[in-house]
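Written below as structure tokens is the structure these notes are about.
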Amino acid sequence: MEIELRNIHKAFGSNEVLKGVNLKLKSGEVHALMGENGAGKSTLMNILTGLHKQDKGSVFVDGQEMHFKNPVDAEKYGIAFIHQELNIWPNLSILENLFLMHSITNKFGMLDFQKMRQIAEEKCREIHIELPLDMEAGECSVGQQQMTEIVRNLLLDAKVVIMDEPTAALTDRETEKLFEVMKSLKKRGVAMVYISHRMEEVFNNCDVITVMRDGISVDTRPVNEYGLDEIVRDMVGRSITEFYPERRNLPGEIIMEVKNFNQPGVFHDVNFNLKKGEILGIAGLMGSGRTEIMRAIFGVDKCESGEVFFKGQKLKIEKPEDAIKAGFGFITENRKTEGLILDFSIMRNIALPSIDEFARKSIIDYKRVNEFSHGLADKLGVKAHTLDLEAGALSGGNQQKVVIAKWVGMNPDVIIMDEPTRGIDVGAKRDIYELMNELTASGVSIIMVSSELPEVLGMSDRILVIHEGKIAGELMSSEATQEKIMSLATGGL
Amino acid sequence: MDVKAIIKKSGSLIGLVVLFVVIACLNSSFIDPGNLKNLLRQVSINALISFGMTFVILTGGIDLSVGSILALSSALMGSFIVGGLDPILGIVLACLIGAALGAVNGLVITYGKVAPFIATLATMTIFRGMTLVYTNGNPISGLTENEAFLNFGQGYFLELPVPAVMMLIMFGILYFILHKTPLGRKTYAVGGNEKVSYIAGIKINRIKIFAYTITGMLCGMAGAILTSRLNSAQPTAGTGYELDAIAAVVLGGTSLSGGKGRIVGTLVGALIIGTLNNGLNILNVSSFYQQVVKGIVILLAVLMDRKKS
């Protein structure tokens with residue numbers, strides 16, 4: 001099967017999202033689709049799967065022009081889209097998730113669970129995976145849920161599988177498993193579209209790369225003919241050497257000390273300090289306890305023992321409120337559930353933690369809230385035509401800027417950032433790095449937890465590597481390399 | 001399966017047994033066959049309504065209008081029988097009227113996009129008002145001498161009260177639909193994740209309308225039973241029944257946010273409420289205290305449920 005998208009145009013109102021995109025998919029090929037958020041990747045895929053209708057241009061399947069009415073219609077032709085927010089029913093078993101829409105019944109109209117189980121097990125064997133068929137999907141790991149979606153589409157004889165940032169929420173092992181499954185799908189002749197910001201994954205697992213920018217397809221090349229520099233340049237229109245802004249300010253005196261943090265089974269003997277105006281990078285594998293340590297320091301989670309000294313004084317932090325009062329901010333890794341109230345406007349989100357400041361005799365002075373929010377939104381470069389827009393309507397990068405604005409507005413001395421640029425596009429990443437630089441120049445200290453090694457290396461003054469809940473090593477940025485960090489993080493050295 | 005898992009799965013059943021034993025020990029006349037039959041008969045009406053409520057709550061909705069549907073179908077049925085309609089056909093008519101009223105709920109909620117709580121709060125008042133207008137506020141009494149009809153609410157079949165038999169038959173059918181057919185599993189799917197269901201191509205509106213329609217039908221049937229038992233249609237019948245039905249569903253372990261729960265649990269829940277009502281009467285607890293006890297039991301059940309998970 002071959003699919004061709006030819007000269008696709010699409011506008012939402014006056015906003016032109018696609019301005020003539022071409023894309024060709026061949027069976028047995030993994031095709032990486034790269035580009036900043038807002039470049040039009042999702043819109044393009046939504047057109048291919050019938051969710052949106054193009055204004056101009058055509059979709060061809062094996063040379064024949066197609067007009068899919070909706071995703072179910074596209075599914076009939078074997079085109080499946082596995083979204084970042086997985087489409088599963090958390091309350092139903094894996095088996096039921098697989099067969100709900102195409103259930104097998106006996107001649108009395110009764111569901112034939114035995115037969116369905118048999119077919120599911122067979123399919124799983126074919127691609128060498130195991131799924132807990134009787135478990136409630138909501139209790140399964142994200143990786144298992146994702147496999148469930150893949151198997152569901154295979155049961156429908158999918159010929160094209162589109163995956164949007166499939167590894168964003170997977171553990172390292174699950175990621176590996178996914179790539180294995182992708183290989184066996186390839187052997188079966190399935191074409192795959194792989195949307196990702198992670199270069200390494202793209203280079204190791206894809207055959208062809210198409211880069212999109214501002215609604216056009218910039219270039220399509222086999223993976224071995226497309227260099228990293230060229231991809232970044234095509235994505236953002238500037239080269240990678242300028243990607244991480246130079247760190248100019250030097251860290252000052254020690255302002256915070258963390259002593260003897262312990263939580264059995266999670267982390268042990270965590271001791272470190274933080275200097276004024278410093279960016280302290282925290283590296284380590286997922287599940288090493290990085291996030292848990294930060295949550296304990298901020299008082300989100302309990303820990304058995306541990307002390308925090310701040311400007312020479314011992315702090316008593318039992319809940320986030322105490323940490324905020326002491327001058328800490330915490331940008332969690334879960335932007336959508338812990339960082340923002342998605343139904344609230346941008347302005348209400350930004351002003352939320354500072355709202356008491358604007359109340360005179362318990363009545364909120366909205367004029368000042370307005371000025372305050374606009375000031376911060378401008379400073380952080382939040383792109384929205386009005387701050388009354390719901391935060392949920394923003395792109396990931398802009399949402400993250402709102403979260404940061406919210407905390408910057410509190411004038412904290414220390415900001416803990418957990419995965420500050422996860423899932424956001426290259427342009428917005430750059431904005432956030434510059435902002436971190438500005439903050440530290442004005443004396444704010446930043447603790448940055450990150451899974452992306454280039455980011456840790458590019459932005460930190462000093463790096464702590466966590467391995468199995470312990471600090472495995474400390475590196476100055478001048479001496480740190482990816483290899484050194486990885487060997488510490490995996491228990492080597 | 002280990003003991004913990006069994007307890008977790010059948011918590012409400014254990015609660016029912018404990019309640020049963022305690023009341024029986026306090027007053028042995030509770031377990032007289034006569035009283036037990038009486039209990040089953042009392043339970044039937046709430047159980048029937050609760051079965052429907054289970055469907056609705058599984059889709060993530062709620063139906064406050066059940067008592068009013070019961071009253072309106074009962075009143076219409078009564079007046080038709082007085083007007084000469086065959087009483088057995090009258091029972092069928094009550095079910096159909098109930099189903100139609102339920103369908104109205106479903107249509108308002110799906111196509112009108114009104115939140116279920118608001119929609120059924122409105123129809124609760126509307127249907128009750130229509131009943132009062134239609135009957136002028138007076139009961140319709142002395143409907144018929146037809147024995148078959150009177151047996152529907154008062155008689156026995158194989159030693160079991162006929163309403164209980166009807167209730168068990170409906171239980172069987174609904175259990176089958178919910179657990180053995182695609183329609184049933186899609187009911188769970190809609191309540192579990194509506195957005196996903198929509199993208200997967202499930203006809204969400206149809207599933208919801210079905211849930212409200214079946215609830216209405218069961219209310220009509222419950223209305224027919226009540227009418228037959230009294231040989232009279234009361235315009236105020238069924239007032240407050242929505243709360244007993246919701247309580248039975250919740251006691252049975254069904255989640256009010258939809259997607260999770262079992263109709264077996266609802267049957268147990270209805271039995272718990274019936275046993276409490278009957279038992280507290282037998283123990284001579286004043287009706288004022290009864291309400292306090294019932295509320296506490298519901299609260300305890302939910303609190304225990306929360307602790308487990």
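Just so it is clear: chains get the letters A, B, ... in the order the sequence lines come, proteins before strands, and each one is counted from 1. For clarity, every value in this text was computed on a predicted model and none was experimentally measured. Computation of the quantities below employed the complete heavy-atom set of this structure, encompassing side-chain atoms and omitting hydrogens, waters and symmetry-equivalent molecules.
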Quick check against the 3.5 Å criterion: does [X] have a side-chain atom that pairs as donor or acceptor with the backbone of [Y]?
| X | Y | value |
| --- | --- | --- |
| B:T215 | B:G52 | yes |
| A:Q64 | A:V61 | no |
| A:N91 | B:G259 | yes |
| A:K10 | A:K53 | yes |

**Study point:** Option in B:R185, B:K260, B:K186 with maximal non-hydrogen atom pairs under 4.5 Å from chain A
**Key:** B:R185
Review point. Picking from B:T181, B:I202, B:V196, which has the most non-hydrogen pairs under 4.5 angstrom with chain A?
Key: B:V196
Side chain, backbone, both or neither: which part of [X] has an atom under 4.5 Å from a heavy atom of chain B?
| X | answer |
| --- | --- |
| A:L92 | side chain |
| A:F113 | side chain |
| A:E136 | side chain |
| A:L51 | neither |

Exercise for review: Please state whether the side chain, the backbone, both or neither of B:S197 comes within less than 4.5 Å of a heavy atom of chain A.
Suggested key: both
**Study point:** Spatial distance of atom OG1 (A:T49) from atom OH (A:Y77) [nearest 0.5 Å]
**Key:** 15.0 Å
Point to revise | Closest non-hydrogen atom pair, A:D112 against A:N106 | key: CB-N, 4.3 Å
